[in-house]
Amino acid sequence: MDKIRRFDKYTVAVSLLVLVSAGYTLLQISSRLLSTGFQDMTQVYMRVGLGTIIAILLFRKKLSLKHIRATPIRDRLILLCMGTVGFSIGVYFITVGVLNAKLVNTSVIFASVPFFSYIYAFFFLKKPIDVKLVLLLCLSLVGIAIVGSKSIIPRLDTFGIGEFYTLLAAATMAVFYVGRKMLSDHLNNSEITITVMIIAAVSGFIIAQLKGETFQLSVFSDPLVILGLAIGAGMNIVANFAETYAFKHLDAVIGSQILLLENIFSLIAGYFLYHEIISLPEIIGASIVIGSVILANRILPKE
């Protein structure tokens, strides 16, 4: 019975991340819609803040303010890193990336998340080194370099600005995934979700003010902005809650790699919505990344 329960949790976690990978494509579309009315960090705290309010209403019965206040110091520091670096700053970088690169390129470059997750897991979770896994992750980086430079022979001088920001997003958002594995069981899934979203919204607002970002109230009359907010707020709730659950029951690297299915969804959405055409080098680079992910998933043990 215990084995069945563990299997069920693993299956649910994998299924949730597959759905989230499709949802990330919607978030990319949301970023482009919101860019018609908001600057980069403003749209981040707007959609995260709205999502936080909705999430509190949805999960209020599972929240205990007294319990949250009693969170251990170590967990508080981890949650702070997850909310600021892993969420707010990470989403900001991916937003800038989406606005300056093809949807599929953004997804493929984001494929480097497992690489950063593996590095963080090695240092903070004391994960053993697997030579085959390291080689596969490095191979995926070669594919990312090809996609980013749009050349079969990678060149740093042609690496796009959107792709560069997406690489930064991968480095920062990996903090969220590994941070979830480091948390104790003090807070439940809903409490972690809400806490991280509040931290992300507040830190995003502070950063936006420091950057001098402003907006006009008239933008709320734009249907594209409203649609973008709805998608952004909704998917932030679903993605945060699903990932918080999934990464509790999955290895950080495995979970990060499952999310790379976003590449397929982004390719389809980019073609049909924005007429984005993927070039031969981009196809080769993406194939290298996806192939390395498939092989790595066969090597990694299931937790």
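Taking CG of L103 as the start and CD1 of I268 as the end, the distance is 12.0 Å to the nearest 0.5 Å. Annotation: the span from L187 atom CG to T71 atom OG1 amounts to 4.0 Å, rounded to 0.5 Å. The structure places OH of Y165 at 8.5 Å from CG of D40, a figure rounded to the nearest 0.5 Å. Atom CZ in F265 sits 8.0 Å away from atom CG in L19 (nearest 0.5 Å). Distance CD1/I284 to CD1/I152: 4.0 Å, rounded to 0.5 Å. T95 OG1 to Q39 CD: the interatomic distance, rounded to the nearest 0.5 Å, is 13.0 Å.
Tracing side-chain contacts under 4.5 Å through hydrophobic residues (I, L, V, M, F, W, Y), one never reaches M182 starting from I73; they form parts of separate clusters. Cluster membership for L137 and V131, using ILVMFWY side-chain heavy atoms within less than 4.5 angstrom, is not shared. No path of Ile, Leu, Val, Met, Phe, Trp and Tyr side chains, each step under 4.5 Å between heavy atoms, connects I53 with I192, placing them in separate hydrophobic clusters. Hydrophobic clustering, with ILVMFWY side chains joined whenever heavy atoms are under 4.5 angstrom apart, groups I277 together with F272. Taking hydrophobic clusters as Ile, Leu, Val, Met, Phe, Trp and Tyr residues chained together by side-chain heavy-atom distances below 4.5 Å, L135 does not share a cluster with L141.
Between the side chains of S184 and D75, at least one donor N or O sits under 3.5 Å from an acceptor N or O. Donor-acceptor pairing under 3.5 Å is lacking for the side chains of S64 and R69. Checked by atom type, the side-chain pair S266/Q28 shows a donor-acceptor distance below 3.5 Å. A donor atom on one side chain and an acceptor atom on the other are found under 3.5 Å apart for E282 and S279.
For the residue pair S88 and V44, the shortest heavy atom distance occurs at O-CG1, 4.0 Å. Smallest separation of non-hydrogen atoms from I56 and I194: N-CD1, 3.7 Å. Looking at every heavy atom in both residues, T172 comes nearest to V85 through CB-O, 3.4 Å. Nearest heavy-atom pair across A242 and V20 is CB-CG2, 3.6 Å. Summarising the geometry of A101 relative to E276, their closest heavy-atom pair is O-OE2, 4.5 Å, with the distance given to 0.1 Å. Considering all non-hydrogen atoms of both residues, Y177 and S117 come closest at CD1-OG, 4.1 Å.
At least one side-chain heavy atom of I109 sits under 4.5 Å from a side-chain heavy atom of F159. Using a 4.5 Å heavy-atom threshold, the side chains of F215 and Q43 count as separate. By the 4.5 Å heavy-atom criterion applied to side chains, I29 and L33 are counted as neighbours. Using a 4.5 Å heavy-atom cutoff, the side chains of F38 and T36 are not in contact. Here the side chains of M82 and I78 are in contact, with some heavy-atom distance below 4.5 Å. Taking the side chain as every heavy atom from C-beta outward, F164 and L168 approach each other to under 4.5 Å.
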- Task: Output, in order, the C-alpha distance, side-chain angles, deciding distance and verdict of side chain to side chain contact (heavy atoms under 4.5 Å, CB included) for I206 and Y45.
- Result: CA-CA 9 Å; I206 294 174; Y45 79 73; over 6 Å; no
- Trace of the side chain to side chain contact (heavy atoms under 4.5 Å, CB included) decision for T166 with F93: CA-CA 6 Å; T166 304; F93 284 144; over 6 Å; no
- Query: Are K181 and E243 close enough, and set up right, to give a salt bridge (Lys or Arg N to Asp or Glu O under 4.0 Å), and what steps lead you there?
  - Reply: CA-CA 11 Å; K181 300 294 292 185; E243 288 182 6; over 6 Å; no
- Task: Test side chain to side chain contact (heavy atoms under 4.5 Å, CB included) on M173 and F116 and set out the steps.
- Result: CA-CA 9 Å; M173 295 182 91; F116 291 104; over 6 Å; no
- Could you walk me through whether T195 and R76 pass the side chain to side chain contact (heavy atoms under 4.5 Å, CB included) check? CA-CA 10 Å; T195 302; R76 291 186 183 187; over 6 Å; no
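Remark: side-chain polar atoms of N263 are paired, donor with acceptor, to backbone N or O of V108 under 3.5 angstrom. A donor-acceptor distance shorter than 3.5 angstrom exists from the side chain of N188 to the backbone of K62, with no hydrogens or angles considered. Of the possible donor and acceptor atoms, none in the side chain of E163 sits under 3.5 Å from a partner among the backbone N and O of S149. Judged purely by atom type and a 3.5 angstrom limit, S30 has no side-chain atom pairing as donor or acceptor with the backbone of L26. Of the possible polar contacts, one joining the Y120 side chain to the A171 backbone as a donor-acceptor pair under 3.5 Å is found. Panel note: side chain H67, backbone H186; a donor-acceptor pair is recorded below 3.5 Å. Panel note: side chain R47, backbone T42; no donor-acceptor pair is recorded below 3.5 Å. S190 places no side-chain N or O within 3.5 Å of a backbone atom of L63 that could act as its donor or acceptor partner. The backbone N or O of A200 sits less than 3.5 Å from a side-chain atom of S203, completing a donor-acceptor pair.
Within a 6.0 Å sphere centred on CD1 of I153, heavy atoms belonging to other residues, nucleotides or ligands number 12 at most. More than 12 heavy-atom neighbours from other residues, nucleotides or ligands sit within 6.0 angstrom of CZ on F59.
Relative to the six-membered ring of Y274, R32 meets both conditions, a distance below 6.0 Å and an angle of at most 45° to the axis.
At a threshold of 4.0 Å, the pair D130-K132 does not count as salt-bridged, since none of the basic side-chain nitrogens sits closer than that to a carboxylate oxygen.
Not less than 6.0 angstrom separates the ring centroid of Y92 from the ring centroid of F87.
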